[in-house]
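In what follows, every heavy atom counts, from backbone to side chain, and hydrogens, waters and symmetry copies are set aside. Numbers here simply count residues along the sequence, with the first being 1.
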Amino acid sequence: MTRAVVLGGGFAGTLAGAVLARHVDDVIVIENDHYPADPRARRGLPQSHHSHVLVAGGARALRELLPGTLEELFARGAQHRRLPGDALILAAAGWFRRLDTGAYLISCSRGLLDQVVRQRALGAVSTWPGTRALGLVGDASRVTGVSVSREGAAPETIEADLVVDATGRRSKAPRWLAEIGVAEIEELTVSSGLAYSTRVFQAPAELAGEIPAVMLHPRPARGRPGQGATLFPIEDGRWIVTLTGTRGGEPPADERGFADFARSLRDPIVADLMAAATPLGGIRPYRDTSNRRRFFERARLPAGFVAVGDAVVAVNPVHSHGMSVAALSMLRLDRELARRGLDPAAAPELQAAMTAEAESSWRMALAQDAGPAGRREATAFEREILTRRTRALLSSPELAAEFFRAQTLLPARAAKDASAVVRALTGEPDPLLTTREAVMQYPVLHAWWNALTRVRGGREPSLR
């Protein structure tokens, strides 16, 4: 009889349990927290009050792992938004036009997503809530189990053929491995300098469920903090609004400060939508946004151990990749186990596969968050190409598809017409949209915006 133990019963751990149940006789998921009975934020998940989306690549993986899950999420109010077809996006260079790129995201509360996934994933799995993992059992050549402590009980050992660490960005696996004689796990932390604050709102009846996602990207400026905002429609006619800012421009967590910060952004549309909605609950700050990578694959790992999800690569949550990378990694785990079977000695190969699934997300996050340090200065020609590309991206279907598919972890499309890209980069760019023209692309939002403009005496905001 074979057994696997998963440490951590969050999104990655739950999916790991579901995958392992297909290949192992007995699967136990160890979770320190207790699961709520309803779809609300979980006490043991500090980030659960903030925005969570599945990007297209992760949504596809989840559909394959747990058929019917996306359909149930939609039936319970989760929202599907194409990018940028159903998203009003103000990039550094201006507003995006509505384009069909094949990319999309799914937004809902983290509580709803977790509950639906748990109900579908853990049917064939033993779950031990209220149980704390204390350390690994074994030696530097082989992990044979895990030591745990249940509430009110003495520590005990669970023997296992495979132990999977899915305890997230605060994983203690490097310390646990060191305690059984494994060399130090190399770790890299790259600070994004980003902080954010989040609040949930009840949408006004005329806009509930009808508006696009709204994203205001910061405009890079030397010596000034980057500040932005996102508004995602979620279930039950609610919006979840997150304000972001880098060092020196962190968003406040008090009522007045939160509203003033939104009003000070390049465009006031998020502030205006907030003012039309009803706040639900308080404002939640979050500051643990560093990009962190543990290079388990470089170590001589013992047989019988593998780390997954944020325990391996945890990027700044603002990139919205964490859950999607976890789903893609678990799909890869399923395929690797189908090919290899449960061979504890193959754990290092499994670890390499888990790391490979997170590689593109890691590289994208570092490209955006690491800043200019260590980069050579661009030539004038390179700056010109970048400027043209940034401007052309707003209206070129080919360039936008390349960009949004990468951002949503979809494979790149085969280039059908290279001349279209050349024209986008060398031709005269389309004129930038005004705020009115950008909003006009979404009829329901436009009707509301027009009414607001009339109340202001016809004054339209201009980009700052």
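With respect to Glu186, the side-chain hydrogen bond (donor to acceptor under 3.5 Å, both in side chains) criterion is satisfied by exactly one of Arg294, Arg298, Arg293: Arg298. Screening Ile106, Val214, Leu105 for a side chain to side chain contact (heavy atoms under 4.5 Å, CB included) involving Phe232 leaves a single residue, Leu105. The side chain to side chain contact (heavy atoms under 4.5 Å, CB included) test with Val308 singles out one residue from Leu350, Thr167, Val164, and that residue is Val164. Ile269 pairs in a side chain to side chain contact (heavy atoms under 4.5 Å, CB included) with only one of the listed residues (Leu452, Thr435, Leu216), which is Leu216.
Although no hydrogens or angles enter the test, the distance criterion places no donor-acceptor pair under 3.5 Å between the side chain of Ser197 and the main chain of Leu243. Judged purely by atom type and a 3.5 angstrom limit, Tyr196 has no side-chain atom pairing as donor or acceptor with the backbone of His50. Between the Arg97 side chain and the Gln441 main chain, no donor and acceptor come within less than 3.5 Å of each other. Of the possible polar contacts, one joining the Gln79 side chain to the Gly77 backbone as a donor-acceptor pair under 3.5 Å is found.
Expressed to the nearest 0.5 Å, how far CG of Leu410 lies from CD of Glu402 amounts to 13.0 Å. In this structure, CG on Leu73 lies 9.0 Å from CD on Glu235, to the nearest 0.5 angstrom. Distance CG/Leu188 to CZ/Arg292: 10.0 Å, rounded to 0.5 Å.
Taking the six-membered ring for Trp and thresholds of 30 and 60 degrees, Phe296 and Phe305 have ring planes inclined between 30 and 60 degrees apart.
In this structure, Phe96 and Leu393 approach most closely via the heavy-atom pair CE2-O, 3.3 Å. Considering all non-hydrogen atoms of both residues, Gln202 and Arg238 come closest at OE1-CG, 3.7 Å. Taking both residues in full, the closest heavy atoms of Asn450 and Arg436 are given as OD1-NH1, 3.0 Å, listed atom of the first, atom of the second, then distance. Counting all heavy atoms, side chain and backbone alike, Ala103 lies closest to Thr408 at CB-OG1, 3.5 Å.
Under 4.0 Å is where a charged nitrogen must lie from a carboxylate oxygen, and between Glu71 and Arg63 at least one such pair does. Note on Arg118 versus Glu31: no salt bridge recorded, every NZ/NE/NH1/NH2 to OD/OE distance being 4.0 Å or above. Electrostatic pairing of Arg339 and Glu349 does not count as a salt bridge here, judged by no charged N lying under 4.0 Å from a carboxylate O.
Within 6.0 Å of CZ in Arg287 there are more than 12 heavy atoms belonging to other residues, nucleotides or ligands. Enclosure of atom CZ in Arg284 is not indicated, since only 12 or fewer non-hydrogen atoms of other residues, nucleotides or ligands lie within 6.0 angstrom. Counted within 6.0 Å of CZ on Arg363, heavy atoms from surrounding residues, nucleotides or ligands total 12 or fewer; the atom is thus considered open.
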*asked:* If you apply the rule side-chain hydrogen bond (donor to acceptor under 3.5 Å, both in side chains), what do you find for Ser290 with Thr189, and how did you get there?
replied: CA-CA 7 Å; Ser290 294; Thr189 299; over 6 Å; no

